Protein chains: 2
Amino acid sequence: MSVTSSPNDRTLTTRGKDRRDALMAFATTQFAEKGFHPTAVSEIVDGVGVGKGVFYWYFSSKDELLLNILRDALRDLRRNQNRAIRGADDPIQCLELGIRSTLTWSIEHPEVIRLVMFAWTEEQFAKDMRRGRRIVISDTARHISRAMDAGLIEQGDARVMATAVRGVSDELARQFAISGDLLDDSVIETAVRFCLRGVVGDSTRTPT
Amino acid sequence: MSVTSSPNDRTLTTRGKDRRDALMAFATTQFAEKGFHPTAVSEIVDGVGVGKGVFYWYFSSKDELLLNILRDALRDLRRNQNRAIRGADDPIQCLELGIRSTLTWSIEHPEVIRLVMFAWTEEQFAKDMRRGRRIVISDTARHISRAMDAGLIEQGDARVMATAVRGVSDELARQFAISGDLLDDSVIETAVRFCLRGVVGDSTRTPT
DNA sequence: AGTTTTCTTGACTGATCAGTCAAGACATCC
DNA sequence: GGATGTCTTGACTGATCAGTCAAGAAAACT
């Protein structure tokens with residue numbers, strides 16, 4: 001066909017996919033370490049050891065690259081959550097497993113947490129972030145709503161509660177990603193208890 | 001004395017202070033709207049209607065300007081919190097009043113919330129953010145510790161709990177600042193209840 | 001009125017950087 | 001071996017931008 005295909009809809013060979021992954025992986029660490037704007041495209045290609053043209057063969061722009069990184073991350077996070085919840089039935093348990101898997105994932109991907117923080121601050125990325133948050137809040141709110149319907153917790157605004165829950169996990173993730181504070185199991189336990197208490201409004205369910 | 005004084009230790013006249021304030025105010029809105037890097041110094045001075053030299057008379061660099069904005073904001077936030085708590089005795093009440101004043105302040109300064117998010121993503125600003133967070137978490141943790149000592153709530157890690165509380169307020173503030181979601185009184189009520197339940201582990205104290 | 005200090009101007013510099021492109025290498029299939 | 005499509009190179013362009021500076025205006029002070 002024509003030679004004017006865009007980087008988005010190219011058919012990549014195995015070698016091509018590897019290159020693309022390498023560029024994304026290296027860019028992720030650089031963006032997280034130095035920031036998005038202070039990281040030049042030339043640094044990324046130098047780091048991977050390729051010419052500049054390679055970058056624009058796989059990505060139509062530096063912005064596009066960041067958007068791709070963020071979208072992949074969201075997909076991965078949700079896949080993890082769904083895997084963690086699979087099998088559970090009780091909505092409160094689903095909520096707890098979701099919180100745990102979010103925290104675990106966040107601890108394993110501190111660079112992404114930093115990128116997400118940046119992405120919220122510029123409109124061209126914030127659009128995507130809003131979409132992503134809506135999805136993630138809905139996931140959490142669904143469990144809370146189910147718990148309300150089942151009479152397990154008193155009625156209330158499920159979305160606001162879901163936002164609060166996400167706030168706790170995100171804040172702890174940020175503290176870990178950015179302040180370098182330790183985020184061990186006991187902290188996760190405290191956070192999970194805090195959230196469940198906040199939602200359930202009763203400490204009897206939570207184990208010591 | 002010498003003419004080589006730096007912008008930091010200059011003695012400003014009333015007119016000078018006004019100019020400085022005008023530059024900071026305009027820069028704050030621009031940074032929040034477009035982002036820090038995409039906003040050029042020339043845009044700031046054009047917006048205020050002055051020459052470029054004026055900027056470097058008052059600030060030694062663009063980075064310095066942002067740091068000044070952030071420091072002023074932290075000072076103002078804490079002053080508000082202290083004013084809100086003044087008079088209260090009960091540690092749980094102090095905690096509640098602190099949460100409320102943080103949320104109120106955040107709603108009134110969405111631009112600053114955006115700037116703070118960005119500041120966390122680049123090391124030259126993150127240093128200051130870490131310091132600021134430590135201060136703010138300590139403020140909250142102090143009330144929680146006092147409540148523990150008084151036997152009002154069970155023992156636990158006060159700092160982690162304080163972090164969780166700040167996570168809830170910050171997340172709601174961000175949601176308001178960034179997603180443009182409504183943040184009315186009922187949402188604030190839900191958030192305050194969520195936090196108090198999370199900390200106290202009991203819903204009997206909280207009003208309906 | 002003279003002097004010092006505060007403040008202002010805006011053209012200019014040096015550097016950086018996102019993105020382009022013409023040319024060619026490599027792989028694959030016929 | 002030729003043809004086609006995939007991938008790579010790196011010098012180059014055009015634009016932007018943080019920060020400088022020599023010159024002077026406006027106050028403030030004496």
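Everything quoted here is computed from the prediction, not taken from an experiment. Letters go in sequence order (proteins before strands), and every chain restarts at 1.
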What pairs of residues pass the salt bridge (Lys or Arg N to Asp or Glu O under 4.0 Å) test when at least one of them lies in residues 63-73 of chain B, not counting sequence neighbours?
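Found B:Arg71-B:Asp128, B:Asp72-B:Arg75.
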Provide the full list of salt bridge (Lys or Arg N to Asp or Glu O under 4.0 Å) pairs with a residue in residues 76-85 of chain B, sequence neighbours left out, each pair given once.
B:Asp76-B:Arg79, B:Arg78-B:Asp139
Any residue meeting side chain to side chain contact (heavy atoms under 4.5 Å, CB included) with A:Ile85, in chain and number order, not counting sequence neighbours
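A:Ile85: side chain to side chain contact (heavy atoms under 4.5 Å, CB included) contacts with A:Cys94, A:Leu97, A:His143.
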Mind checking what makes side chain to side chain contact (heavy atoms under 4.5 Å, CB included) contact with B:Arg134, not counting sequence neighbours?
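So B:Arg134 forms a side chain to side chain contact (heavy atoms under 4.5 Å, CB included) with B:Arg130, B:Arg131, B:Arg159.
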Output the residues of residues 120-129 of chain A in contact with DNA chain C, where contact means a heavy atom of the residue under 4.0 Å from an atom of the strand; sort by number or write none.
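Nothing qualifies; none.
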Strand contacts (DNA chain C) in residues 17-28 of chain A, 4.0 angstrom heavy-atom criterion:
none
Any heavy-atom pair between the side chains of [Y] and [X] that's under 4.5 Å?
X: B:Ser6; Y: B:Ser60; result: no
X: A:Val192; Y: A:Leu196; result: yes
X: B:Arg19; Y: B:Met24; result: no

Each nucleotide of nucleotides 16-23 of chain C classed B (base within 4.0 Å of a protein heavy atom), S (only sugar-phosphate) or -, in 5' to 3' order, makes -SBBBB--
Contacts of type side-chain hydrogen bond (donor to acceptor under 3.5 Å, both in side chains), residue [X], not counting sequence neighbours:
X: B:Arg166; result: B:Asp170
X: A:Ser169; result: none
X: A:Thr102; result: A:Gln81

Which donor-acceptor pairs under 3.5 Å do side chains of residues 35-49 of chain B form with protein atoms, sequence neighbours excluded?
residue	atom	partner	partner atom	Å
B:His37	NE2	B:Glu122	OE1	3.2
B:His37	NE2	B:Glu122	OE2	2.8
B:Thr39	OG1	B:Gln30	O	3.4
B:Thr39	OG1	B:Gly35	O	2.7
B:Glu43	OE1	B:Lys34	NZ	3.0
B:Glu43	OE2	B:Lys34	NZ	3.2
B:Glu43	OE2	B:Ala40	N	3.0

Does D:dT6 have OP1 or OP2 sitting under 4.0 Å from an N or O in the side chain of A:Tyr58?
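No, because none of the side-chain N or O atoms of A:Tyr58 sits under 4.0 Å from OP1 or OP2 of D:dT6.
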May I ask you to verify if any side-chain N or O of B:Trp57 is less than 4.0 angstrom from the OP1 or OP2 atom of C:dT8?
no
Under 6.0 Å from the six-membered ring centre of A:Trp120 and within 45° of its axis: does the NZ or CZ of B:Arg174 meet both?
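Negative - B:Arg174 is either too far from the ring of A:Trp120 or too far off its axis.
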Please enumerate all protein N or O atoms sitting under 3.5 Å from an N or O of nucleotides 24-30 of chain D, with distances to 0.1 Å.
none

For A:Val50, which contact category applies under a 4.0 Å heavy-atom criterion: base, sugar-phosphate, or nothing?
sugar-phosphate
In plain terms, say whether A:Glu189 and A:Arg193 are close enough for a salt bridge, that is, a side-chain N and a carboxylate O under 4.0 Å apart.
no
